[in-house]
Trainee: 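Next up is a structure, given as structure tokens.
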Amino acid sequence: MKKYVIGLDYGTDSVRAVLIDTENGSEITSSVSYYQRWKEGKFCNPSANNFRQHPSDHIEGLEKTISEVVRESGIPAEQIVSICIDTTGSSPLPVTNDGTALALVPGFEENPNAMMVLWKDHTAIREAEEINALARTWGGEDYTKYEGGIYSSEWFWAKILHISRADAEVKNAAYSWMEHCDYLTFLLSDHKDLATFKRSRCAAGHKAMWHESWDGLPSEEFLNRLDPSLGALRARLYRETYTSDEIAGYLNEEWAAKTGLTTKTIITVGTFDAHSGAVGARVEENTLIRIMGTSTCDIMVASQEAIGDTTVKGICGQVDGSVIPGLVGLEAGQSAFGDVLAWYKDILMWPVQQVMMHSESISDEQKTKLAEEMETGLIRKLTLEAEKIPLSDTVPIALDWVNGRRTPDADQELKAAISQLSLGTKAPHIFKALVNAICFGAKKIVDRFEDEGVKINKVIGIGGVARKSPFIMQTLANVLDMPIVVAASDQTPALGAAVYAAVSAGIYPTVQEASMKMGSGFEAEYQPKAEEVQHYRELMQQYQKLADFVEYNTQLKNNRKELQDS
Ligand SMILES: Nc1ncnc2c1ncn2[C@@H]1O[C@H](COP(=O)(O)OP(=O)(O)O)[C@@H](O)[C@H]1O
Ligand SMILES: O=C(CO)[C@@H](O)[C@@H](O)COP(=O)(O)O
């Protein structure tokens, strides 16, 4: 009997499900669902970096996408043997003692603090600083050791601490907290005991400071010093964690009925999108996988022997088994990549929204049509024009920190800057400067890995930007001075989740073997152009100078503020 699996990928805006043939990884059907409330801008305040998502968006998407791929494929349910879910992270949400999302409990339906705190929510900057300061000074283990030495406001404990302080009602009503990937896996599973439910190693290790060497999560004493509610929460979280080749449970009756599948379907331990993306792109040692979309995640794997006692500074952690069981998974990334360009597009769209849309000289229909054309065509047009700018032209120097800096050395308070503007600077020049900036940010990550002894022989690009923008990929190859190949699949993270599902169902013995058999092929290769490499090296030095200047001044400003506050 031929066997099929389903991989689900919960991204920032939408969820995608793919139904995959386990023999060769080919996609039989796929389905996408956009988060409705999120699309309407509900429960968020972007100017305060506050991004929350209602779990109903995710649950509706779960039912729609799974049932659609099952129905459209026409494949008998018994042949669809396993499901695995990946999500963004760290994206935790509070739950009750039976694992119900707090936002689904009467009284909390409209409370953003009771919802999922999306990875890019930066409301917990202060709390992250507090965690870092305590970890360095409390006299016990520095729990940030395997998190690159700096805990980020994008992560689990900082977010929980922030919400607990901001909202006593949520603090008191939340029995526990779950990462998004664990919550959705729990929802599908028949294993309904929160205490023994198999939580993701990937999520726990990279974002919650879980490590075998200190018996799991940070100690109660450490957490108590941050806030007694965190100390109390520890016992209601988990001690063990599990890699995504393991079975978390079987599809429960409610969800079997909703999706058209059977209760024999395996539910695999959940994981993060970037890590499953790496598996979908056939990750191996000394290969850097860059998932280039709104943000980037940079994933590598290394054997215990190769990594030894090294703790790579300033990255988002190194976790045994977070990508491939038996290998250490390393994660870094940029808090904004495509988002830098999306931000610029939004700036340019301002007169369209605020002037043209209110104009009385054209019809509503024409206005809407024009606005849509601009919205969808602007980045493409800017790309075409930026490509024509000769290397000899001066372009501004920009920083990529519009959403802070994730790595190297997380600092979400840093802001972007653009320098060397003149009256001759046109929109495509700024666009080109921003493209350069996101590539220089990438180079800083590559340099950090190599400086810390993690050798990179190959770069694989996946995600929206890798596939949509040959201009960015060529610039990146020039800046890194390395060839880059691009994975052909549109759905590499979902495909990676399907790979995990196939292993947990026993179809392949290891994730490595399944990844090589089922993983995506490659569609394009970018070689560095020798004559341009030197040019970008010089620009990179100017980027570095601007970065140092902005970072120094941000620190100065923060020190002054601390002095004033004390
Ligand atoms: N032609 C393009 N060139 C460069 N960037 C693009 C282009 N089209 C879209 N983008 C960027 O791609 C990003 C979305 O990437 P995608 O991988 O589709 O989403 P996600 O990160 O949510 O999974 C957006 O930030 C957008 O600005
Ligand atoms: O940070 C992680 C994983 O650790 C990602 O989930 C986060 O960057 C979101 O990725 P996307 O931009 O949605 O692809």
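In this chain, numbering begins with 1 at the start of the sequence shown. Each ligand, and each atom within it, is numbered from 1 in the order the structure gives.
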Trainee: Is the shortest side-chain heavy-atom distance between W343 and L434 below 4.5 Å?
Mentor: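 A side-chain contact under 4.5 Å exists here.
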Trainee: Ring centroid separation for H206 and F272, is it under 6.0 angstrom?
Mentor: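 Centroid distance H206-F272: not below 6.0 Å, so no.
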Trainee: Is there side-chain contact between E387 and L384, with at least one heavy-atom pair below 4.5 Å?
Mentor: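 Yes, side chains in contact.
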Trainee: Show the protein residues that qualify under the rule heavy atom under 4.0 Å from an atom of ligand 2, listing them in chain and number order.
Mentor: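 Its neighbours under 4.0 Å (heavy atoms only) are T12, T88, G89, W119, K207, F272, D273, T294, S295, C297, E331, R406, given by chain and number.
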Trainee: Side chains of L188 and L62, heavy atoms from C-beta outward: is any pair under 4.5 Å?
Mentor: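 Yes, their side chains come closer than 4.5 Å.
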Trainee: So if I apply the ring pair (Phe, Tyr, Trp, His ring centres under 6.0 Å) rule between F197 and each of Y242, Y238, F186, which one comes out positive?
Mentor: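 Only one option passes, and that is F186.
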Trainee: Salt bridge or not for R126 and E129, using N-O below 4.0 Å?
Mentor: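 Yes, R126 and E129 are salt-bridged.
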Trainee: Could you check whether atom NZ of K444 has more than 12 heavy atoms from other residues, nucleotides or ligands sitting under 6.0 Å from it?
Mentor: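 Count not over threshold, so no.
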Trainee: C316 versus W155: any side-chain heavy-atom pair under 4.5 Å?
Mentor: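 Yes, at least one pair of side-chain atoms sits under 4.5 Å.
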Trainee: Would you mind reporting whether I462 and I460 have side-chain heavy atoms less than 4.5 Å apart?
Mentor: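 Of all side-chain heavy-atom pairs linking I462 with I460, at least one is under 4.5 Å.
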Trainee: Quick check on ligand 1: any N or O pairs to the protein under 3.5 Å? One line per pair.
Mentor:
residue	atom	partner	partner atom	Å
ligand 1	17 (O)	G464	N	2.8
ligand 1	21 (O)	T294	N	2.7
ligand 1	21 (O)	T294	OG1	2.8
ligand 1	22 (O)	T294	OG1	3.1
ligand 1	25 (O)	G338	O	3.2
ligand 1	25 (O)	D339	N	3.3
ligand 1	27 (O)	G338	O	3.0

